[in-house]
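Only heavy atoms go into these numbers, but all of them, side chains included; no hydrogens, no water, no symmetry mates.
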Amino acid sequence: MYEIFCVVPGNLTPDDAERKIAEIKDKVASAGGTVSDSIALGKQKLAYPVRHERFGYFYALYVAMEAAALATLRREMERQMGLSRVFIRLFNPAKNKKARAEDMALTRAFMTDSAAAVAPVRRERVVEAAPFVMPFEEVKTVPAEPLVQKEPARVSAVSAEEIDRKLDELLESDLLPGEGI
């Protein structure tokens with residue numbers, strides 16, 4: 001069994017979005033599959049615009065069909081049916097039954113008018129950490145060293161007269177282009 005999660009563009013009316021989902025169900029039936037359940041999650045804002053659309057109608061379909069036929073159906077849904085996004089995943093109802101039931105209950109609760117009265121069920125996760133106590137004897141203190149600048153290494157001082165003398169010596173010598181100093 002597979003779960004097909006699809007987003008219909010938000011510029012359509014709710015009736016047109018339902019017609020798109022009916023087309024998808026017909027395509028699944030013509031490909032030899034069966035739709036066991038479909039959940040309309042309503043119109044919601046997308047995380048980012050898709051094809052210049054900021055809203056979309058979200059639907060989840062639970063389908064039983066062959067993988068090869070599903071790959072063909074996916075290509076057709078993405079290219080020809082005008083859907084914003086299509087996500088397909090392998091779905092094991094035995095493993096995912098509880099999660100799916102909770103998701104459906106929360107979704108349906110938020111979609112009703114009494115959604116403000118119904119709070120989502122949140123499970124608190126308790127994590128116990130073992131206390132780490134360091135005995136006082138093991139705590140070592142290191143005395144801080146004073147911040148003292150070391151003197152920079154002394155460079156042998158060359159006087160201006162010595163530099164002038166070396167320069168005159170170089171200028172007076174007859175150096176040929178191939179000779180070094």
Side-chain angles (χ1 to χ4, degrees), residues 1-136 138-140 142:
M1 180 173 272
Y2 295 94
E3 180 181 43
I4 301 174
F5 185 79
C6 54
V7 180
V8 179
N11 60 357
L12 301 176
T13 64
D15 294 333
D16 291 339
E18 287 292 333
R19 278 190 218 106
K20 282 275 189 203
I21 296 303
E23 286 178 33
I24 292 172
K25 289 178 182 178
D26 291 341
K27 296 271 185 188
V28 168
S30 67
T34 58
V35 177
S36 62
D37 194 11
S38 67
I39 302 170
L41 302 173
K43 187 174 184 178
Q44 299 176 21
K45 186 173 183 178
L46 301 173
Y48 53 90
V50 177
R51 297 183 189 135
H52 305 290
E53 288 293 323
R54 295 191 179 274
F55 289 89
Y57 295 97
F58 289 72
Y59 290 91
L61 303 169
Y62 296 92
V63 175
M65 64 187 309
E66 294 180 20
L70 186 67
T72 306
L73 177 69
R74 178 187 181 138
R75 281 191 298 274
E76 190 172 334
M77 287 169 61
E78 288 176 344
R79 294 182 183 151
Q80 297 172 359
M81 297 191 76
L83 299 176
S84 296
R85 291 285 186 261
V86 177
F87 302 101
I88 299 175
R89 73 176 182 130
L90 191 60
F91 183 77
N92 186 349
K95 283 185 178 179
N96 300 336
K97 182 178 180 182
K98 183 177 179 183
R100 184 170 162 245
E102 287 176 1
D103 290 345
M104 288 190 322
L106 286 175
T107 302
R108 289 185 179 144
F110 282 111
M111 290 175 59
T112 62
D113 294 335
S114 62
V118 179
V121 179
R122 294 188 181 199
R123 290 183 228 124
E124 292 295 325
R125 190 172 140 185
V126 178
V127 178
E128 293 183 21
F132 177 74
V133 179
M134 182 181 277
F136 184 72
E138 292 181 22
V139 176
K140 297 179 182 177
V142 178

Pairs in or reaching into residues 65-77: which pass side chain to side chain donor-acceptor pair (under 3.5 Å), with residues at least two apart or in two chains? K27-E76, R74-E78
V63 vs T34, test: side-chain contact (heavy atoms from CB on, under 4.5 Å). Steps then yes/no. CA-CA 6 Å; V63 175; T34 58; over 6 Å; no
Any idea which heavy atoms bring [X] and [Y] closest together, and the distance?
X: Y2; Y: A67; answer: OH-CB, 3.6 Å
X: Y62; Y: I39; answer: CE1-CD1, 3.8 Å
X: M65; Y: G33; answer: CB-CA, 3.6 Å
X: A31; Y: A69; answer: O-CB, 4.0 Å
X: F91; Y: E3; answer: CB-N, 3.8 Å

Validation row: I4, F87 side chains within 4.5 angstrom (heavy atoms): no
Is there a side-chain contact between L73 and V28 in this structure, where contact means two heavy atoms from C-beta onward sitting under 4.5 Å apart? yes
By ring pair (Phe, Tyr, Trp, His ring centres under 6.0 Å), which residues pair with F58, not counting sequence neighbours? F5
Expected list for residues 47-55: side-chain donor-acceptor pairs under 3.5 angstrom, two or more places apart:
{"from": "R51", "atom 1": "NH1", "to": "L83", "atom 2": "O", "distance (Å)": "2.9"}
{"from": "E53", "atom 1": "OE1", "to": "N11", "atom 2": "N", "distance (Å)": "3.4"}
{"from": "E53", "atom 1": "OE2", "to": "N11", "atom 2": "ND2", "distance (Å)": "3.4"}

Donor-acceptor list for residues 13-25 side chains, cut-off 3.5 Å, not counting sequence neighbours:
{"from": "T13", "atom 1": "OG1", "to": "D16", "atom 2": "N", "distance (Å)": "3.2"}
{"from": "T13", "atom 1": "OG1", "to": "D16", "atom 2": "OD2", "distance (Å)": "3.1"}
{"from": "D16", "atom 1": "OD1", "to": "R19", "atom 2": "NH1", "distance (Å)": "2.2"}
{"from": "E18", "atom 1": "OE2", "to": "Y59", "atom 2": "OH", "distance (Å)": "3.1"}
{"from": "K20", "atom 1": "NZ", "to": "M81", "atom 2": "O", "distance (Å)": "2.6"}
{"from": "K25", "atom 1": "NZ", "to": "S38", "atom 2": "OG", "distance (Å)": "3.0"}

Between atom CZ of R85 and atom SG of C6, what is the distance when rounded to the nearest 0.5 Å? 13.0 Å
Report yes or no: does Y57 contribute a side-chain atom to a donor-acceptor pair with the main-chain N or O of L12 at less than 3.5 Å? yes
